[in-house]
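Remarks on the structure that follows.
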Amino acid sequence: QVQLVESGGGLVQAGGSLRLSCITIGVIGGRYGRGWFRQAPGKEREFIASITWSPVNTEYADSVKGRFTISKDYAQRTVYLQMNSLKPEDTADYYCAALKLFGLSRQFQSYDTWGQGTQVTVSS
């Protein structure tokens with residue numbers, strides 16, 4: 001049984017930075033990677049970034065490319081999302097998820113385990 005636990009959310013001013021963490025509790029699930037999604041109030045869950053364990057490949061949504069960086073520490077069973085140059089439109093609940101297939105995916109259906117989420121609020 002795999003559990004994902006996110007942390008690192010909070011309130012930040014526009015232009016600021018936050019780093020989210022997602023730790024895996026339980027069997028890490030072979031070589032399947034991880035992804036980050038977000039969901040703002042009244043909106044659908046949106047893909048942000050994904051990463052494979054090894055070799056490391058990454059993929060980003062256009063809305064965050066150049067501002068957000070996904071990384072991993074396999075030994076620490078943790079995936080990170082470094083968020084820089086934050087904007088008010090980045091305000092959302094951020095979720096970590098485990099892929100159920102090899103490679104990268106932007107599709108919600110490619111993930112089968114989700115964390116509880118961590119809230120990020122960016123003030124203008």
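Positions are given from 1 along the sequence.
If you take OG on Ser50 and CD on Gln107, they are separated by 10.5 Å, rounding to the nearest 0.5 Å. Taking CD from Gln13 and OG from Ser124, the interatomic distance works out to 9.0 Å, rounded to the nearest 0.5 Å. Note: Leu81 CG to Arg19 CZ = 10.5 Å, rounded to the nearest 0.5 Å. Here the straight-line distance linking atom CD1 of Ile23 with atom CG of Leu4 works out to 10.0 Å at 0.5 Å rounding.
In this structure, the side chains of Trp53 and Arg34 come closer than 4.5 Å at one or more pairs of heavy atoms. The side-chain heavy atoms of Phe102 and Tyr32, taken from C-beta on, include a pair separated by under 4.5 Å.
Under a hydrophobic-cluster definition in which Ile, Leu, Val, Met, Phe, Trp and Tyr are linked whenever side-chain heavy atoms come within less than 4.5 Å, directly or via other members, Val56 and Tyr80 are assigned to different clusters. No single ILVMFWY cluster, assembled from side-chain heavy atoms under 4.5 Å apart, contains both Leu20 and Ile25. Under the 4.5 Å side-chain heavy-atom criterion for grouping Ile, Leu, Val, Met, Phe, Trp and Tyr, Leu11 is not connected to Leu86 through any hydrophobic cluster. Val5 and Val2 end up in different hydrophobic clusters when Ile, Leu, Val, Met, Phe, Trp and Tyr side chains are linked at under 4.5 Å.
A distance-only check finds a donor-acceptor pair linking the side chain of Tyr60 to the backbone of Ile70 [under 3.5 Å]. Gln116 places no side-chain N or O within donor-acceptor distance of the main-chain N or O of Glu6, the cut-off being under 3.5 Å. A donor-acceptor pair is defined here as one N or O able to donate and one able to accept, closer than 3.5 Å; such a pair exists between the side chain of Thr91 and the backbone of Val122. Checked by atom type and distance alone, the side chain of Thr52 pairs as donor or acceptor with a backbone atom of Asn57 at under 3.5 Å.
For residues 102-120, the pairs satisfying salt bridge (Lys or Arg N to Asp or Glu O under 4.0 Å) are Glu59-Arg106, with sequence neighbours left out. Sequence neighbours left out, the pairs with a member in residues 37-54 that pass salt bridge (Lys or Arg N to Asp or Glu O under 4.0 Å) are Arg38-Glu46, Arg38-Asp90.
Heavy-atom minimum distance, Ser17 versus Gln82: CB-NE2, 3.9 Å. Minimum heavy-atom separation, Pro88 to Ala14: CD-CB, 4.1 Å. Here the shortest heavy-atom pairing between Phe47 and Ser105 reads CE1-O, 3.4 Å. Closest approach of Ile48 and Val64 over heavy atoms only: O-CG2, 3.7 Å.
Outside the 6.0 Å centre-distance limit, the rings of Phe68 and Trp36 are not counted as a close aromatic pair.
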